Structure formats: structure tokens, C-alpha cells
Amino acid sequence: MIRGFRSFHPILLLLYYIFVITSFMLYQHPFFLLAGICLVLMINLILDGGEQLKKWMWMLIGMSSLILILTPLFNRRGNHILFYLFENQVTLESIIQGIMIAATLVGILATFLTFNLILTADKFLFLFARGFPQWAILIMISMRFVPLLIRRLKDIEQVQQLKGLSIKQGSVKRRAHNGMLFIQILLTSSLEESIQTADSIAARGYGLRKRSKYHPYTMKGTDWTVLTAMIVLFSLLVFGWWLGDGVLLLQPILESVWLSGREWFYFSIWLALIGIPMVTEGKEVLKWKYYLHKM
Amino acid sequence: MEILSAQNVTFSYPDATESVLDDIHFTIQEGDFVLLCGPSGSGKSTLLRLLKEEIAPHGNLGGNIYYRGSMIKEQDRFLLAKEIGMVFQDPENQIVMERVMDELLFGMENMGYTTDKMRKKVAEMVHFFGLNDLVNKKTAELSGGQKQLINLASVLLLEPKLLLLDEPTAQLDPIAAKEFIHLLERLNDEFGITILVVEHRMEELFSVANRVMLLDKGHLVVDQSPRKAAHQMYPEFQSFLPSTALCYMGISQQATKPDQIPLTVKEAKQWISTQELKQPTQGHGTIVEKSPLIELKAIDFQYTKHSTPVLYNLSFSINKGEWMALVGANGTGKTTLLKLIGGLIKPQHGTMKYNGKKVKNIDPQQIGYLPQNPRIFFLHDTLKEEYQEIARKHQKREEEVQSLLEIFQLADLLDRHPYDLSGGELQKAALVGILLGNPSILLIDEPTKGMDPSFKKEFGLLVQGLVEEGLTVIMVTHDIEFAASYATRCSMLFQGDITVTEPTKQFFQENTYYTTMMNRITRDFHTPALVTLEEAMLLSPNHIGS
């Protein structure tokens, strides 16, 4: 899906995450939060068929249930006392509070699950490189080194194993000693080899002039449209929050959980902002369905 | 037009008494393809590096180097970095970035090009090199040949006028090496890029280059057109000549004319068809059937559950006192098989017998493993410490170590750090360390990579000596000529199984494409055809004896 959400300019993607996560923190209202979570979960499903979600599901469920149980136990403020547990009052307000905290956390975490899928390492580095070009190149060079060193260490282990030195057999002390020796060879041999890398860097004129950066991403027409839409939606949301529309009042009197009047307007804005990936990705899915159908 | 010249260049490293380069004098014209050869330690790499300002070694430099008419020191460094490109020996270590695309861009970003310009140039280069499939890969996923291609492309993106290459194909398999050399030929032919290449792979380069220079102990001994150079280099530097030329020189002995020296198989065939040669004496190599030392049966191996199997239903046996060469293309599982015999990995299916008895894995004490990169064999700062440690472990006496060192002529290098040795010396040094453990099986992985030809011979003879004393050797190699000269039997791996195992001579005689130069030259004239140069020498009408 080359025109889906992932094809947007990285800056746009980063802004999306900043906006969505801020919104999750601002809009403390169960109605908003739960609807938001539903959308984020659906986005997860659309992006990778829920692979990431499956990995993290138990963690999400466990954490949210813990919060749901613990908050009413520790927070006793509120006017609507439901029942007493070990002579402590459990209030409706605290239960709602628990739901909201849990929902906020789940919403933010589920959003982060898509972060890795959408803002891949190279896109993130691209964003990072604008502010810190020197650091970015250092990171890029070291990124190659992690798998390289692991491979070399494995080679060393194998060669030394046949020489009679092993980290799998013998006393703990012996093994630790051998392990340290292996790390030592790894470091000395890698230093030796990286001299050649340094030569190759120098030979291609590094440091002779101010480096430029290749920009693989350009702002396309749709990028501008989506950017504008995102900024407008988010500004509206912040305005609504300032008016107090998306926040459920617990103190001094518990507000009705059901939405009323203007809140419905902000609710639709809320859905529109979080649902941006759904619209763009969904459009692609439909396009392909339709396209294949026609063939 | 002259592009590069050296006048009275001498060079010595700081604190060294002897100079590495002595009174070097040469001129390279624009569009030349120059092959620079010589034994290791003759100063080839030093000379090449002196021509590239950014990585020139520190030391006392005498004389002058001129690039396009003016001294190299006085030129704009930025211009030099751009116009003189350099490719190094190790494909892996030259790569800086994790992704191929970033690697291609690296040099251009250093030059401060704009995104549009870079995009255009990369597109052009990807098209020329046919790199489409590689651009979006990670550099670690590439084969050695592909890596070297990326390195070359990355340098070429800066549009160099002069390309310096320091043994660029030493670490590549023969097919990849040939492709690389053909690419250089194309760059030279189609774009007129001047090329100066240091290399040990003479078979292909002699016919491609238009000039050959030979350095020996810091002196420029030969600087001629290839044929004249070949004439001049025989017999003193004959190990640096391609076998086509050697065949000619060896057979015609006295009456050699430089302009007749064949440099390609085609030329050699044409020449040899005009010669009257003795019939080869049929040497009946009596192969005694010995009992197998190691037997593998129905071996399957795959690295992960869903990857394609590397070895599949493989059967293999080796007799005691054999030198078995395992040949085959990249990725056919040669090294995997070696590691499997060494017990470093376990097969998912199949049985292994050692000395007729079924075993899980062979006693590691019996196995010596000489890896592709012998550096990681050494744990200590000098060879001496290393050997002492090993000797203590195996309760060896000092005299035994000494006698091995004498055979291997390593006594002078005892106080050196292993990393300061040349590739060939390192192989020998590691071999001594292995032999101290008294193994009965020696596993060798690509020993001749990056070795100079004379060293190759020395190494081959040393191992041959060990085999005669009863050591069993299994060697993985791409070096056909080396296998043909020394191995007793050859096995060919294909798609995870051994397709054929035959005595070396028979193996290469029957192959049409995967065979030695000598066999290709002589296959239409003699039955059975010849395999090695030594055999060809016996046919010379001038040869005395036999």
C-alpha cells in the first residue's frame, strides 16, 4: 500500500503521534478514551493484522486490570459510595477514575505499538539527523556494528571451542575467564579491522567539506492536506479541552458520563484525528479490493 | 596525456632503517590499465597509499608525486579526494553504513551534493551496475562479491579520473573476482578511467592490463607491456605469471619471443596446436583403498526451521591420510560441512562414523580447525606466548615447538604481534598452533585467500608434508589451481549434497568449465588432458629425463 499512512512524510507521522498521545492525556473522559482505544486497536489490526498487539496483549490486559482494581482501593474520595470493602468505602468516582487512568495508559501504549511499524528506524533517524547531523552519522555507523560484532563473537567462540576453550563447559570461573578472553579478542580484532573502515571513510573525502544529507522524503500534495487537517483538528481539540468539554468532572459533583451538546462535536473531532491512519489505510484496502474485483 | 607520475620516490616508515620504497620512477598515461604486482612486503600497498593523500602513511617521503602535472601535495585536497578513488582489499571492512543505499550515498554526502544530484547519480549508477535488487537490502546480507561491487560503485559515484585498487579480488571467489575484473575492464574501455590495480590474480589481469609493473623489495623491477613484462619476469618472478604464459615459457624454453607469449587460453590453445609435443607418460597413480576415517550419511542441516536446508541428504567419506578439497559455488554449504565435521554445529538428521564407530561427534582433541580469518585464533600478544600457552596445555616440550617452528620458518617472527603478520604468515602461524595440539584431522577453510603466489606454494608444500606423515586434511577452497596442485581427492558440493568425489586429476580432467587453466589449454590435444603446469613441463621437447 504505497499511498497508505506509512507513505506520509516522517514529520507528519511524528506530529500525528505527538497529537494523539497529547490528546489521550488531555481528554480524561471515559467515553472519549474508550472510543479512542477502539480506533487505535483497529489501526493496529489494519497495519499488521494485530501481530504486535498479540505480543503485548497480556501486558496491556494485566496492567489495566491492576489499575482498575487498585485505584478504587486507594482513592476514597467521592460522593457516591457503592459499598464497603474491609471497612473502606469504594466510590463510583474512584472506579471511573480507575477506568480513565487505565484507558489512558492502554490508549497511549497501543498507539506506541504502531509507532515502530510506521516510524521505522530509518525514518526516525532522518528526523533526528536534521537536528543532530554529527550524532546521526555516528548512530548510523554504529548500527552496522551491533550485528557485526555478534557475528564475529560467534566465529571466535567456534574457533576457540575447537582449540579447547569454551564458555559452555568447565567451572564457572573457567568459563568466565574464557568469555573475557573472547571479548578481548573481539575488541582487539575489531579495532584492527576498523582501521580499514576509517581508511575507507577518509578515502571518500569525509570531513573535507560540510556534509550534506540525502533527503529521501519530500512533502507531497496529500502531505500538506493531511498536515493542515491534523493541525486544525488538534487545535480544535485543545480548544475544547480548554472549554472543559472533553473532561469528565468528578469533583465536586460527578458529571453525567453521557455526552451532551457541544461534547458531541468534539467527540467527532476526536475520532477524526485518531482515525486518520484508518481513513488513509482503509482507502487503500478498499482500492485494492475494488481493483482486484474489476480485473 | 600524463595523469600520474612518480619521480625518485623513496619512502621509509618512522624509526625503520630500511626504506620500503627506493627510487621509484614511473609515469601513467590517462586511460592506462596498470597491474602492479610483487611479493608481499615489496611495498605495493605503501606505494598505492602514497598516491592517495587522505590515507598516505606517515614516514619519510623523498621525491615527488605528480597528479596531472602538478605536485600532489600542492593540489586541492577536495579535488584529489574526488578524482582519485580507492577500493581496498577487504569487502566487509570498507563498508560504513548499514544499508546499501546509505553506503552508496556516503561519499556524495561527504562532498556536499544536493539531494537531487545524488538521486540522479545513484539512479544512473544502479542502472549501470545492475544493482536494483540490492539497493534496499542491508549491507550485511550481501555476498563478498556484491559488497565489493557496492564499494566500487560508491567510489565511482564521485566520478574519479584515477582508480586505485588494493587487491580488490583477494577475498572473493573466482566467479565474483572475474566479474569484478571484467567490470574494471569495462570502466577502462568505455569511460577511459585510468586504473592502477595491485593484485595477485594474474590469470585474468595480464590479458586485461596494458601495462605491468613489478615491485621487489622496494624497487620497481619491471615496467612494461604485459607480454614484454612476462618475458622479463621469467624465470625469476615466474610465480606471478599467468599459467598460459608459463606454459609457453616452460615448453619452448630457449626460443621465447615476447610478442608470441599467449595471455589468454585462446591464444595458448592456438600456439600449442602448432607444437610437437611428447606424448604424456601415463603415470599410474596407484590409489590404495584405505578404510574410511570419517563417514557421514544422510546428513540434513538447516540453520532455522523455515530456512532452506544448507545440507540435504549428504553422504561423505574421507580416508586416512587424504587431502580432500571441497569445491563448489558460494552458498552450497562447504563451510557448513566443515563446521559439522568439527562438531561446531549439529545436524538435524543423519549419522557420523569415526574410525568405523558411530559417534555423536568426533573428539575435539583430534580436530584442528584453521578458520578463514586466522586472526581470531590468537589470544595472546605475541606468537611466543601463544605457543607457550598451547604447549603447556598439551604438555609439549620446548623442543617440539622449536622443531615445528623450524619447519615452518617462523622463528624470526616469534616476538611479533599476530596482527602484524601478513596474511600468509598468519595462516602458517595459526597452523603451527593447531599442530601443537596433535590433531589427526585438519579442517582448513579457504587458506589461499589473499596469499601471494609464492606463499601459496610454500603453504601447499608444508601441508603436503603433513599429509604424507599421516594427517588427514579436509580443505574448503575456491582456488582451483591450488586444489589441483596439492589435493589428493576433490569433492564437489551442489545444492547441499556431494555430487562427485574423484581423485584430483580425474576430477579436473573430466570437468569442462570448472577446471584449471592448463586443462582448458590442453584438453583438445591430449588424452587424458593435463591438469597442472608441472605435467605440461614434462611434455616439453627440451625436457630432459623421464
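Below, chains carry the letters A, B, ... as their sequence lines are ordered, and counting in each starts from 1. A quick note: this is a predicted structure, and the numbers were derived from the prediction, not measured. Computed from heavy atoms alone, side chains included, the values below leave out hydrogens, waters and symmetry copies.
- Of the residues considered (B:Leu164, B:Thr115, B:Val155), B:Thr115 shows the highest number of contacts with chain A, using heavy-atom pairs under 4.5 Å.
- Heavy-atom minimum distance, A:Gln161 versus B:Leu344: OE1-CD2, 3.7 Å.
- Side-chain atoms of B:Thr139 and A:Arg144, non-hydrogen and from C-beta on, do get closer than 4.5 Å to each other.
- For B:Lys346, the NZ atom sits in a packed shell: over 12 heavy atoms of surrounding residues, nucleotides or ligands are nearer than 6.0 Å.
- Using a 4.5 Å cut-off between heavy atoms, B:Phe106 touches chain A through backbone and side chain atoms alike.
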Could you give me the CA-CA distance, side-chain angles and deciding distance for A:Tyr214 and B:Lys117, then say whether side chain to side chain contact (heavy atoms under 4.5 Å, CB included) is met? CA-CA 10 Å; A:Tyr214 179 74; B:Lys117 193 172 176 190; over 6 Å; no
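- Annotation: maximal heavy-atom pairing with chain A below 4.5 Å, among B:Gly112, B:Pro364, B:Pro439, occurs at B:Gly112.
- Annotation for B:Tyr419 and A:Glu192: closest pair CD1-OE1, 3.7 Å, computed over non-hydrogen atoms.
- Note: B:Asn93 leads B:Leu158, B:Leu80, B:Asn93 in heavy-atom pairs under 4.5 Å with chain A.
- Here the CG-CD distance, from B:Leu379 to A:Gln184, works out to 8.0 Å after rounding to the nearest 0.5 Å.
- With a 4.5 angstrom heavy-atom cutoff, B:Lys138 does not touch chain A via any of its atoms.
- Neither the backbone nor the side chain of A:Glu157 has a heavy atom closer than 4.5 Å to any heavy atom of chain B.
- Interface residue A:Glu193: backbone and side-chain heavy atoms are both found under 4.5 Å from chain B.
- Residue A:Lys220 qualifies as enclosed at atom NZ: its count of foreign heavy atoms under 6.0 Å is above 12.
- Minimum heavy-atom separation, B:Asn110 to A:Gly205: CB-O, 3.5 Å.
- Side-chain contact between B:Glu92 and A:Arg151 is present, with at least one heavy-atom pair separated by less than 4.5 Å.
- In terms of modelled atom types and a separation under 3.5 Å, the side chain of A:Ser212 and the main chain of B:Tyr113 share a donor-acceptor contact.
- Pairing each heavy atom of B:Ala81 with each of A:Leu208, the nearest pair is CB-CD1, 3.5 Å.
- Both the backbone and the side chain of B:Phe78 come within contact range of chain A, each with at least one heavy atom under 4.5 Å from a heavy atom of that chain.
- With a 4.5 Å cut-off on side-chain heavy atoms, B:Lys339 and A:Gln158 count as touching.
- Residue B:Asp116 does not touch chain A at all, counting heavy-atom pairs closer than 4.5 Å.
- The existence of a salt bridge linking A:Asp199 and B:Arg49 is confirmed by a sub-4.0 Å separation between a basic side-chain nitrogen and an acidic carboxylate oxygen.
- A:Leu148 touches chain B through its side chain: at least one heavy atom from C-beta onward sits under 4.5 Å away, while N, CA, C and O do not.
- Proximity to chain A (any heavy atom under 4.5 Å) is shown, for B:Lys82, by neither the backbone nor the side chain.
- At a heavy-atom separation below 4.5 angstrom, chain B is approached by A:Leu181 within residues 168-183 of chain A.
- Counting only distance, with no hydrogens or angles, the side chain of A:Lys213 and the backbone of B:Glu109 share no donor-acceptor pair below 3.5 Å.
- Remark: A:Arg204 engages B:Glu103 in a salt bridge, criterion side-chain N to carboxylate O under 4.0 Å.
- Atom CD of B:Gln94 and atom OG1 of A:Thr197 lie 8.5 Å apart (nearest 0.5 Å).
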Test side chain to side chain contact (heavy atoms under 4.5 Å, CB included) applied to B:Met97 and A:Ile137, step by step: CA-CA 9 Å; B:Met97 292 294 178; A:Ile137 183 154; 4.2 Å; yes
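- Considering only heavy-atom pairs separated by less than 4.5 Å from chain B, the leading option among A:Leu162, A:Ile195, A:Leu165 is A:Leu162.
- Only the side chain of B:Met101 comes within less than 4.5 Å of a heavy atom in chain A; its backbone stays farther off.
- Contact between B:Arg119 and A:His215 at its shortest, heavy atoms only, is NH2-O, 3.8 Å.
- Both the backbone and the side chain of A:Thr188 come within contact range of chain B, with heavy atoms under 4.5 Å apart.
- For the residue pair B:Ile376 and A:Ile185, the shortest heavy atom distance occurs at O-CD1, 4.2 Å.
- Counting heavy-atom pairs under 4.5 Å between each of B:Phe378, B:Tyr369, B:Phe88 and chain A puts B:Phe88 at the top.
- A:Lys163 has a carboxylate O that lies under 4.0 Å from a charged side-chain N of B:Glu386, or vice versa, which qualifies the two as a salt bridge.
- For chain A, the nearby parts of B:Ile367 are the backbone and the side chain; heavy atoms of each come within less than 4.5 Å.
- Looking only at side-chain heavy atoms (C-beta outward), B:Val96 and A:Ser200 come within less than 4.5 Å of each other.
- The number of heavy atoms from other shown groups lying within 6.0 Å of CZ (A:Phe124) does not exceed 12.
- If you measure heavy-atom distances from B:Gln89 to chain A, you find no contacts under 4.5 Å at all.
- For B:Ile95, the parts lying under 4.5 angstrom from a heavy atom of chain A are both the backbone and the side chain.
- Heavy-atom distances place the side chain of B:Asp102, and not its backbone, under 4.5 Å from chain A.
- Expressed to the nearest 0.5 Å, how far CD1 of A:Ile201 lies from CD1 of B:Ile55 amounts to 12.5 Å.
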